[in-house]
Amino acid sequence: MASVRGSRSVQSPGFGNTRARYRRILRFAAWHLAVTWWFELALPRLGLRRIPERNRARRMQQFARRFHVLAVELGGLMIKVGQFMSSRLDVLPPEITKELEGLQDEVPAVPFDEIRALAEAELGTPLEAVFASIDEVPLAAASLGQAHRAELRAADREDTGLGSVVFKVQRPGIDKIVDVDLAALRKVGGWLSRIRLVASRADVPAIIKEFAQTSLEEIDYLNEAANLEHFAADFAGDGRVAVPGVVWERTSRRVLTLEDVTAIKITDANGLRSAGIDPAEVAPVFASVMFDQLFTNGFFHADPHPGNIFVTPAGDTAAEHPWKLTFIDFGMMGQVPPKTRGGLRKLLIAAAARDGKGLVAAISDIGVLVPSADTRTLERAMTQLFARFGGMGFAELREVDPREFRQFAVEFGDVVRSLPFQLPENFLLVIRAMSLTSGVCSSLDPRFNLWDSVEPYAAGLLREERGNFARDAASQALEIATVAVGLPKRLDAVLTRLNEGAVEVADPRVERQLARLVRLGQRGVAALVFSALLLAGALVRAADSGLGNVLMILSVLPLLFVLKPPRP
């Protein structure tokens with residue numbers, strides 16, 4: 001190979017005895033569940049609440065350190081769990097996130113001889129026949145695979161238009177490791193499902209089932225390549241986003257060859273500034289791109305941690321977009337069903353409007369709250385929460401007196417804990433994507449205020465929703481008008497039958513009262529049609545002045561009928 005350097009690769013001890021691996025994961029989980037139960041549930045019930053409060057920070061740090069050791073030694077899905085926790089800068093304390101943040105990049109590499117053997121068996125040819133050169137030192141060692149830089153041979157260069165590529169290969173034996181990890185997670189999930197406090201709020205087995213499906217898809221590189229092209233199609237023509245090209249001829253289920261798009265890591269503040277890019281300007285663009293995926297496209301990158309996103313300078317400083325966000329690693333993708341996406345859009349609009357009642361309604365629509373839940377107290381809690389803390393960024397929230405948070409928790413904590421929360425299907429990845437997004441944005445700009453990005457985006461969604469409502473209102477108004485036009489004829493037919501004796505009436509006064517009722521009904525229908533046409537015209541006029549004006553003019557006709565003096 002043309003580019004060969006010494007490697008510091010280390011074989012992870014977790015890839016050995018699978019039975020020992022399984023037992024070690026269960027021992028770790030059982031011990032820390034027992035510790036949490038003792039300090040957070042048992043001692044407070046015994047009136048010893050101060051003890052867990054005094055040592056909580058130290059216990060969290062110890063847990064994070066022990067999990068870091070476990071994840072690095074075992075690799076596999078344990079790395080994914082650690083990456084998720086390290087991204088929760090907005091929720092988890094720094095004792096945990098700081099300790100686990102190295103898991104984003106520091107994963108032991110597999111010796112290249114093992115990578116070569118797997119790749120050649122998968123492609124059916126020596127690597128020298130595929131690449132002009134390959135760097136045996138890994139560009140990145142991830143939990144499920146390993147990537148190396150390479151140069152395509154002349155024939156492939158001519159066919160693909162690409163030269164420098166990234167050659168990604170699965171870790172040998174990773175399919176067995178994933179099976180063991182999932183079996184351990186299912187066991188832990190079974191434990192958690194027997195805890196009433198947990199089971200009443202989440203269907204843990206369903207969550208693990210969803211995680212298992214995502215993990216199995218992630219080790220299928222043909223699936224990842226298809227996801228990449230789907231994502232690229234969603235952002236075709238969008239100057240903010242770039243993705244690598246796929247070399248399909250050198251791709252299989254366990255080998256993936258992509259265009260080398262390596263640039264500045266999104267959280268490399270010094271690298272961004274050296275390229276003339278202000279990190280604070282990257283945060284709102286990244287948030288907006290993630291919003292588009294979740295609330296508009298419905299197909300989103302579920303693993304947007306810093307190692308999977310680059311900032312690529314465009315080279316032309318006069319361009320509309322002097323840099324792009326380049327996404328890689330499309331193994332973990334999520335889809336938001338239309339119903340859930342509608343609920344998420346309502347949630348975003350309610351949050352931007354500081355509407356506590358609307359927020360709770362949106363949460364119910366998404367399925368996070370069961371339909372039977374009494375939400376009145378929760379609505380009041382959300383309203384007060386918005387009134388006091390709404391619009392604050394994470395940096396501002398850190399400056400708030402902790403006693404205010406404790407007071408709020410005392411007042412509404414029991415209410416929130418008593419509500420029957422649940423996580424609907426496919427929602428775990430949505431939470432993961434949003435938590436990673438907030439973590440990356442906070443890293444780019446410690447004073448980044450997510451509201452600054454949410455509010456204009458929500459305003460756009462609201463305008464779109466109003467446009468849909470206006471179209472629906474116009475359609476319904478025309479439908480009412482159509483029915484109303486035929487209604488008088490039907491009423492006249494009834495009167496005709498009365499006059500002809502087809503309908504017997506025992507008392508002449510009943511006939512007069514019925515005739516008066518018919519006239520009142522006609523005037524009522526006319527008033528309804530007038531109101532519907534006028535309202536629809538006013539709503540539609542903002543988007544389509546022509547149609548709006550026509551509807552408003554038509555509303556005059558039923559109005560004249562309403563104002564017409566009644567017959568004696």
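Every heavy atom of this structure was used, including side-chain atoms; hydrogens, water molecules and symmetry mates were not.
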Do any N or O atoms from the side chain of [X] and from the backbone of [Y] form a donor-acceptor pair under 3.5 angstrom?
X: Ser143; Y: Ile79; result: no
X: Gln293; Y: Phe300; result: no
X: Ser193; Y: Gly190; result: yes
X: Ser442; Y: Gly439; result: no
X: Glu224; Y: Phe330; result: yes
X: His68; Y: Leu100; result: no
X: Gln146; Y: Val110; result: yes
X: Arg21; Y: Leu74; result: yes
X: Arg149; Y: Asp135; result: no
X: Glu120; Y: Leu127; result: yes

Working for side chain to side chain contact (heavy atoms under 4.5 Å, CB included), residues Asp268 and Val311: CA-CA 9 Å; Asp268 181 1; Val311 178; over 6 Å; no

Trace of the side chain to side chain contact (heavy atoms under 4.5 Å, CB included) decision for Tyr22 with Lys187: CA-CA 10 Å; Tyr22 177 80; Lys187 188 70 173 180; 3.9 Å; yes

For residues [X] and [Y], report the shortest heavy-atom separation together with the two atoms involved.
X: Leu272; Y: Ile266; value: CD1-O, 3.5 Å
X: Val169; Y: Ala119; value: CG2-CB, 4.2 Å
X: Pro172; Y: Leu118; value: CA-CD1, 3.8 Å

Can you check side chain to side chain contact (heavy atoms under 4.5 Å, CB included) on Gln170 and Asp175, steps first, answer last? CA-CA 9 Å; Gln170 280 185 11; Asp175 49 350; 5.6 Å; no

How far apart are the C-alpha atoms of Asp303 and Lys80, what are their side-chain angles, what is the distance that settles it, and do they pass the salt bridge (charged side-chain N to carboxylate O under 4.0 Å, His left out) test? CA-CA 9 Å; Asp303 196 21; Lys80 293 292 182 184; 3.2 Å; yes

Quick check: His148 with Phe112 (ring centres under 6.0 Å apart)? yes

In terms of heavy-atom contacts, does [atom1] of [X] have more than 12 from other residues, nucleotides or ligands at under 6.0 Å?
X: Trp191; atom1: CH2; value: yes
X: Arg49; atom1: CZ; value: no
X: Trp248; atom1: CH2; value: yes

Pair Ser443, Thr267: side-chain N/O donor-acceptor within cut-off below 3.5 Å: no

Assess, by modelled atom type and distance only, whether the side chains of His230 and Asn227 contain a donor and an acceptor separated by less than 3.5 Å. no

Parallel, tilted or perpendicular: rings of Phe327 and His301 (30°, 60°): tilted

Is there a salt bridge (charged side-chain N to carboxylate O under 4.0 Å, His left out) between Arg116 and Glu128 once you walk through the steps? CA-CA 10 Å; Arg116 172 193 289 273; Glu128 289 81 359; 3.3 Å; yes

What is the distance from atom CZ of Arg240 to atom CZ of Phe286, rounded to the nearest 0.5 Å? 12.0 Å

